[in-house]
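Taking it in order: structure first as structure tokens, then the write-up.
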Amino acid sequence: MTTITEILDIQAIRADFPILNQEINGKKLVYFDNAATTQKPTSVIDAIAHYYNFDNANIHRGIHTLAERATRDFEASREAIRAFLGASSIEEIIFTSGTTQGINLVASTFGRKFIKEGDEIIISGLEHHSNIVPWQMLCEEKGIKLKVIPVTDLGELDMEAYQNMLSEKVKLVSVNHVSNSLGTINPVKEIIDLAHSFGAKVLIDGAQASSHLNIDVQALDADFYTLSAHKLYGPTGIGVLYGKKEILNAMPPYMGGGEMIKEVTFEKTTYNELPYKFEAGTPNIADVVALKTALEYIAFHGKENIAAHEDMLLHYATEQLLEIDGLKIIGQAKEKVSVISFVMDGIHPQDIGVLLDNQGIAVRTGHHCTQPLMQRFNIVGTTRASFAVYNTTEEIDRLVAGIHRVKKMLL
């Protein structure tokens with residue numbers, strides 16, 4: 001039987017990421033903060049440099065060669081992300097600055113137009129702050145009720161409680177596909193189908209899912225789906241909002257300015273067609289262009305192969321970490337991606353993070369922008385190790401040894 005390590009040449013992949021070839025505090029870098037942002041392969045870095053070296057121009061309106069090349073490559077990325085998400089049309093693909101802006105766009109346009117006083121919005125206890133605060137702001141502004149799906153002791157959503165929350169009053173459900181703190185994979189197809197049975201629309205925060213899971217927005221029947229390029233081995237400052245065409249057409253613009261208009265007079269402005277209606281101003285052209293390169297990098301190695309490697313790392317790390325006395329993993333859902341959050345008896349997560357960094361090991365500590373979730377588990381925060389395609393079992397061994405060293409120093 002062929003193993004995943006024989007399909008993927010991990011050492012060759014590691015060579016594609018120049019940032020990994022360095023020492024931190026005299027030790028070879030181990031980067032386990034991939035849930036915050038993934039590192040970028042040379043091809044993505046080169047794509048950004050190529051744009052600025054050869055094609056830098058504003059898009060869509062210019063008739064000179066540079067503008068035409070920039071426009072061609074910008075729109076090629078839109079088609080690439082359409083295929084990546086399984087959307088039916090490029091009109092349904094809106095470029096944003098990231099997942100946060102995508103959620104805020106929906107809250108500020110769909111929310112303000114279609115959700116009124118006395119209506120209800122449902123989110124979950126697993127949400128990142130960016131999928132909590134915009135809805136709180138909308139609810140406070142319009143007198144809408146916000147409901148929260150409870151989280152079980154395993155870090156899974158209580159689906160029975162969710163079903164009981166649904167009624168004709170619910171106009172929107174907004175949940176993440178994967179928890180950034182715990183790695184839990186949520187049953188989003190079931191969540192969407194149940195919401196639709198009551199006439200509610202559904203937004204899925206796909207920031208954490210996009211690099212790990214195959215996504216088909218049509219099969220899911222999602223009304224909105226958001227993601228960020230920097231979780232996908234792509235640049236920061238770029239994200240995507242997918243929305244069903246008929247819903248996007250019914251929504252008002254998010255921002256006013258250039259590009260999102262057809263004609264402007266002092267008496268009246270008519271708005272552009274999709275997707276440009278929601279893309280006011282000069283966009284982050286270089287990073288949009290480089291997003292296509294990141295998607296090509298994933299496709300070259302195979303998303304299923306990457307996911308299998310990450311799953312192997314997750315299981316290996318889980319087994320090794322659970323052997324450490326006093327260590328408890330927070331969130332042990334049956335379905336998870338390669339994220340492990342843990343606490344240690346008698347040691348603050350920040351101390352663990354600092355002392356691991358002294359050993360060249362980068363992890364994330366704190367509440368991970370999920371303070372309500374930390375409160376649910378009655379903890380101040382966790383230490384989170386999250387794995388990507390370029391990580392290895394040898395690096396996990398270094399993490400385990402590093403934690404043992406932390407214990408000896410502090411306990």
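- Here the side chain of N284 pairs no donor or acceptor atom with the backbone of S97 at under 3.5 angstrom.
- Using a 4.5 Å cut-off on side-chain heavy atoms (C-beta onward), F278 and L248 make contact.
- Under a 3.5 Å cut-off, the side chain of H368 and the backbone N or O of G366 do form a donor-acceptor pair.
- For the pair V44 and P235, the minimum side-chain heavy-atom distance is below 4.5 Å.
- With hydrogens and angles disregarded, a donor-acceptor distance shorter than 3.5 Å links the side chain of N104 to the backbone of T100.
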Go through it in stages, so that I can follow the logic: the residues are I122 and L172, the test is side chain to side chain contact (heavy atoms under 4.5 Å, CB included), and I'd like the CA-CA distance, side-chain angles, deciding distance and then a yes or no.
CA-CA 6 Å; I122 294 177; L172 183 78; over 6 Å; no

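- In terms of heavy-atom proximity, E279 sits nearest to F95 at OE2-N, 2.8 Å.
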Test salt bridge (Lys or Arg N to Asp or Glu O under 4.0 Å) on R72 and E68 and set out the steps.
CA-CA 6 Å; R72 175 201 65 199; E68 289 178 350; over 6 Å; no

Hey, mind stepping through F110 and F224 against ring-ring contact (aromatic ring centres under 6.0 Å, His included) and telling me if it holds?
CA-CA 11 Å; F110 177 87; F224 303 101; 5.8 Å; yes

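- Between the side chains of D158 and T152, no donor N or O sits under 3.5 Å from an acceptor N or O.
- For E79, the CD atom counts as densely surrounded, since its 6.0 Å shell holds more than 12 non-hydrogen atoms of other residues, nucleotides or ligands.
- Heavy-atom neighbours of K145 NZ from other residues, nucleotides or ligands within 6.0 Å: at or below the threshold of 12.
- The residues K277 and E259 are annotated as not salt-bridged, no charged nitrogen and carboxylate oxygen being separated by less than 4.0 angstrom.
- Taking both residues in full, the closest heavy atoms of Y233 and A388 are given as OH-CB, 3.5 Å, listed atom of the first, atom of the second, then distance.
- Counting only distance, with no hydrogens or angles, the side chain of T184 and the backbone of G155 share a donor-acceptor pair below 3.5 Å.
- Here E394 does not pair with R398 in a salt bridge; the nearest charged N to carboxylate O distance is not below 4.0 Å.
- For the pair Y297/D16, a side-chain contact is recorded, criterion being any heavy-atom separation below 4.5 Å from C-beta on.
- Closest approach of S181 to L373, counting heavy atoms only: CB-CD2, 3.8 Å.
- Sparse packing is recorded around NE2 of H315, with 12 or fewer heavy atoms of other residues, nucleotides or ligands lying under 6.0 Å away.
- With contacts defined as side-chain heavy-atom distances shorter than 4.5 Å, the pair T370/L126 does not qualify.
- Once rounded to the nearest 0.5 Å, the distance linking NZ of K28 with CD of Q22 reads 9.0 Å.
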I'd like to know whether E395 forms a side chain to side chain contact (heavy atoms under 4.5 Å, CB included) with I361, so could you lay out the CA-CA distance, the side-chain angles of the two residues, the decisive distance to 0.1 Å, and finally the verdict.
CA-CA 9 Å; E395 290 181 314; I361 303 168; over 6 Å; no

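- Proximity of a side-chain donor or acceptor of K171 to a complementary backbone N or O of K201 within less than 3.5 Å is not detected.
- With rounding to the nearest 0.5 angstrom, the CG atom of N34 is 8.0 Å from the CD atom of E310.
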Derivation and outcome, side chain to side chain contact (heavy atoms under 4.5 Å, CB included), residues R376 and D153:
CA-CA 9 Å; R376 157 66 180 85; D153 291 341; 2.6 Å; yes

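- The distance from the CG atom of L399 to the OG1 atom of T393 is 12.5 Å, given to the nearest 0.5 Å.
- Not counting sequence neighbours, S179 has no partner by the side chain to side chain donor-acceptor pair (under 3.5 Å) test.
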Under the criterion side chain to side chain contact (heavy atoms under 4.5 Å, CB included), I'd like the reasoning laid out for W135 against I103: C-alpha separation, chi angles, the key distance, then a yes or no.
CA-CA 9 Å; W135 307 117; I103 296 169; 3.8 Å; yes

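- Formation of a donor-acceptor pair under 3.5 Å by the K334 side chain with backbone atoms of L154 is not found in this model.
- Under the 3.5 Å distance criterion, with hydrogens and angles disregarded, no donor-acceptor pair is assigned to the side chains of N131 and N176.
- A salt bridge does not link R69 with D73: none of the charged nitrogens is closer than 4.0 Å to a carboxylate oxygen.
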Counting only pairs under 3.5 Å, give me each side-chain donor-acceptor contact of residues 236-246, with atom names and distances, residues two or more places apart or in other chains.
{"residue": "K244", "atom": "NZ", "partner": "D221", "partner atom": "OD1", "Å": "2.7"}
{"residue": "K244", "atom": "NZ", "partner": "D223", "partner atom": "OD1", "Å": "3.2"}
{"residue": "K245", "atom": "NZ", "partner": "E91", "partner atom": "OE1", "Å": "2.8"}

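- More than 12 heavy atoms of other residues, nucleotides or ligands lie within 6.0 Å of CD in E141, so this atom counts as buried by the packing criterion.
- Taking the side chain as every heavy atom from C-beta outward, I324 and K407 approach each other to under 4.5 Å.
- The environment of CG in N21 is sparse: at most 12 heavy-atom neighbours from other residues, nucleotides or ligands sit within 6.0 Å.
- Taking NZ from K40 and CD1 from I19, the interatomic distance works out to 9.0 Å, rounded to the nearest 0.5 Å.
- Other residues, nucleotides and ligands place no more than 12 heavy atoms under 6.0 Å from the CD atom of E263.
- Around NZ of K328, the count of heavy atoms belonging to other residues, nucleotides or ligands within 6.0 Å does not exceed 12.
- Here the side chain of Q208 pairs a donor or acceptor atom with the backbone of A35 at under 3.5 angstrom.
- Listed here is the closest heavy atom pair of R82 and S88: CD-C, 4.3 Å.
- Looking at heavy atoms from C-beta onward, Q359 lies out of side-chain contact with N25 at the 4.5 angstrom threshold.
- A heavy-atom distance below 4.5 Å is not found between the side chains of R405 and I403.
- Ring geometry for F74 versus H60: interplanar angle over 60°, hence perpendicular rather than tilted (30 to 60°).
- Identified under the salt bridge (charged side-chain N to carboxylate O under 4.0 Å, His left out) test for residues 203-216, with sequence neighbours left out: none.
- Taken to the nearest 0.5 Å, the NE2 atom of H367 stands 13.0 Å off from the OG atom of S341.
- Taking every heavy atom of both residues into account, G381 and M374 meet most closely at CA-SD, 3.6 Å.
- Side-chain N/O atoms of S43 and T293 include no donor and acceptor closer than 3.5 Å.
- Relative orientation of the Y225 and H177 rings is perpendicular, given thresholds of 30° and 60° on the angle between their planes.
- Between the side chain of K142 and the backbone N or O of R112 there is at least one donor-acceptor pair closer than 3.5 Å.
- In K147, the NZ atom is crowded: over 12 heavy atoms of neighbouring residues, nucleotides or ligands sit closer than 6.0 Å.
- Residue R384 comes nearest to A36 through the heavy atom pair NH2-N, 3.5 Å, listed as atom of the first residue, atom of the second, then distance.
- Counting heavy atoms from C-beta outward, T392 and Q11 have side chains that approach closer than 4.5 Å.
- Here the CD1-OG1 distance, from I340 to T382, works out to 11.0 Å after rounding to the nearest 0.5 Å.
- A side-chain donor-acceptor contact under 3.5 Å links T99 to the backbone of S228.
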